[in-house]
Amino acid sequence: MTGKHTASSGPPGPTAWTAPDGHLGFGAVRALLDELGDAVVLCSADGVVELVTNAAHDLVPGLRAGQTVEQPHTGPLGDAATAGSGYFHGLHHGRELRGRRHEVDDGRIAWCLSEITTQRPPPGPSPADFLATAGSRLSASLNLRRCAVTTAELAAGAIADMAVVVLPPERRRIPWIRAVGGEPGVHEDVTTTARVAEVPGLGEALAGFPPVPSRWLDPAQAPSWLLPEGFGEPGALLVVPLPGNGVAAGALVLARRADRSPFDEDEELLTRVFAARGRSDLRGGVVPRTAGDRRRAPKPPAPPTGPADRRGAHRRLLLARPRRATGRW
């Protein structure tokens, strides 16, 4: 197969559609994929490119059949193949590309590529204005739940399409609060440690480990319980820890829809700075006590009743008073 792609003047002949054993050959498969406009790269088990559709050649111009996919000029596709990753997104010749790996028969690997249509929202407030607004709203309450709700709403409205604040475990249950940009209210629920492990990078974030770059997280692995109904396929995922003093104060999970560009380095830095502010307010938040908590709280000691008890209490009160320096030494 050569690198040139020309349109045929008529329908392909029988030899282009069938292999000697009667099954569909590469010519038929490629003609079908080109007709559908799919960008597909088919590789053998040892990484040699066997098929490149027209759309894939447009996205990765230097890719040719007979080469190995791990080439410097193949950009993020070659990097992902070298690293053994099943997903990538990145820039190649000024275009944002996303690709996902699929295993087919005989050990072959198919890479499905797509160009991300960048649909950025209208310019919003600057990062400094956003952080100032966030600080003002977060410091307005010392209630732990209210701080978590505000953190989710701010992140979903300015940084991502959806934000989930995952709080530390309480009695073997992990509470979380989800907000969706442009939708009123939040959704609250609890989950388990096993379900938390289904979210890429969330278990490490709750343990206080440094955040994993968004480009290393496959949004297709996000479980259904994390995303709201009707959200669609996520296009980017970002997980940031909310570390506390010695223990994790929770984690912040952000997701964008597939029609938006992934998180860039500036947005990841902004998210970490915002998470640090949210962390301090969550750490200082107070959980409202329930009636059951009040019943279980220890009772204060009973007041002294006997004369000896009263004298001992009076002596302790005098010792507890601050002493004042006088002129008598």
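Starting from 1, each residue takes its place in the sequence as its number. Computed from a prediction, not measured in an experiment: that's the story for all the values here.
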* **V49 side chain near V41 side chain, heavy-atom distance below 4.5 Å** => yes

* Under the side chain to side chain contact (heavy atoms under 4.5 Å, CB included) rule, what do V104 and L42 come out as? Steps first, then yes or no, please. => CA-CA 9 Å; V104 293; L42 182 66; 4.0 Å; yes

* Any chain of hydrophobic side-chain contacts (each under 4.5 Å) joining Y87 to V69? -> no

* To do: Work out which heavy atom in A236 is nearest to a heavy atom in S214; give both atom names and the distance.
  => CB-OG, 4.5 Å

* Side chains of L242 and V240 in contact at under 4.5 Å (non-hydrogen atoms) -> no

* Between L254 and F263, which heavy-atom pair has the shortest distance, and what is it? -> CB-CZ, 3.9 Å

* Look up atom NE2 in H92 and atom CG in L59, then write down how far apart they are to the nearest 0.5 Å. => 8.5 Å

* Asked: At what distance, to the nearest 0.5 angstrom, does OG1 of T74 lie from CD of Q67?
  -> 9.0 Å

* Check for a donor-acceptor pair, side chain of D38 on one end and backbone N or O of V40 on the other, with a separation under 3.5 Å. => no

* Asked: Would R101 and S85 count as a side chain to side chain contact (heavy atoms under 4.5 Å, CB included) if you check the C-alpha gap in whole Å, the side-chain angles of each, and the deciding distance to 0.1 Å?
  -> CA-CA 8 Å; R101 167 179 169 164; S85 175; over 6 Å; no

* To do: Flag the pair L238 / T271 as yes when at least one side-chain heavy-atom distance between them is below 4.5 Å, and no otherwise.
  => yes

* To do: Decide yes or no for H187 and P228: does some side-chain heavy atom of the first lie under 4.5 Å from some side-chain heavy atom of the second?
  => no

* **Partners meeting ring-ring contact (aromatic ring centres under 6.0 Å, His included) with W216 (sequence neighbours left out)** => none

* Asked: So does R100 pair up with D218, basic N to acidic O under 4.0 Å?
  -> yes

* Asked: Is there a donor-acceptor pair closer than 3.5 Å between any side-chain N or O of T191 and the backbone N or O of R195?
  -> no

* Asked: What closest approach, in Å, do P61 and R64 show between heavy atoms, and which atom pair accounts for it?
  -> O-NH1, 2.6 Å

* Structure fact -> Apart from V186 itself, members of its ILVMFWY cluster (side-chain separation under 4.5 Å) are V149, I177

* May I ask whether V190 and L167 are part of the same hydrophobic cluster, defined by side-chain heavy atoms of I, L, V, M, F, W, Y residues being less than 4.5 angstrom apart, directly or through others? => no

* Test item: P234 and L227 side chains (from C-beta on) under 4.5 Å apart, heavy atoms -> yes

* **Result of checking D189, L202, T193 against I174 for side-chain contact (heavy atoms from CB on, under 4.5 Å)** => T193

* Asked: OG of S224 to CD of E229: how many Å apart, nearest 0.5 Å?
  -> 11.0 Å

* Does the side chain to side chain contact (heavy atoms under 4.5 Å, CB included) test come out yes or no for R257 and F231, once each step is laid out? -> CA-CA 7 Å; R257 293 183 173 91; F231 186 81; 3.6 Å; yes

* Salt-bridge present (E153, R137; N to O < 4.0 Å) -> yes

* Sub-4.5 Å side-chain heavy-atom contact between R95 and L91 -> no

* Should the pair R256-E233 be classified as a salt bridge under the 4.0 Å nitrogen-to-oxygen rule? -> no

* Asked: Taking side chain as C-beta onward, heavy atoms only, is P175 less than 4.5 Å from E188?
  -> no

* Asked: In Å, rounded to the nearest 0.5 Å, how long is the span from OG of S136 to CG of L131?
  -> 12.5 Å

* **W111 ring center within less than 6.0 Å of H102 ring center** => no

* Given the rule that I, L, V, M, F, W and Y join up when any side-chain heavy atoms are under 4.5 Å apart, are V180 and W225 in one cluster? -> yes

* Heavy-atom pair with the smallest gap, counting every atom of A275 and P241 -> CB-O, 4.2 Å

* Pairwise side-chain contact, P223 with V199, heavy-atom cut-off 4.5 Å (strictly under) -> yes

* To do: Measure the NE2-CG distance between H57 and L63 for me, rounded to the nearest 0.5 Å.
  => 8.0 Å

* Asked: Salt bridge check: are E103 and R108 linked by an N-O gap of less than 4.0 Å?
  -> no

* Structure fact -> Correct closest heavy-atom pair for L113 and A56 would be CD1-CB, 4.4 Å

* Looking at M162 and L226, what are the two nearest heavy atoms and their distance? -> SD-O, 3.5 Å

* **Residues L154, F274; criterion side chain to side chain contact (heavy atoms under 4.5 Å, CB included); working and verdict** => CA-CA 9 Å; L154 287 169; F274 167 69; 3.9 Å; yes

* Structure fact -> Rounding to 0.5 Å, atoms CD (Q71) and NE2 (H73) come to a distance of 5.0 Å

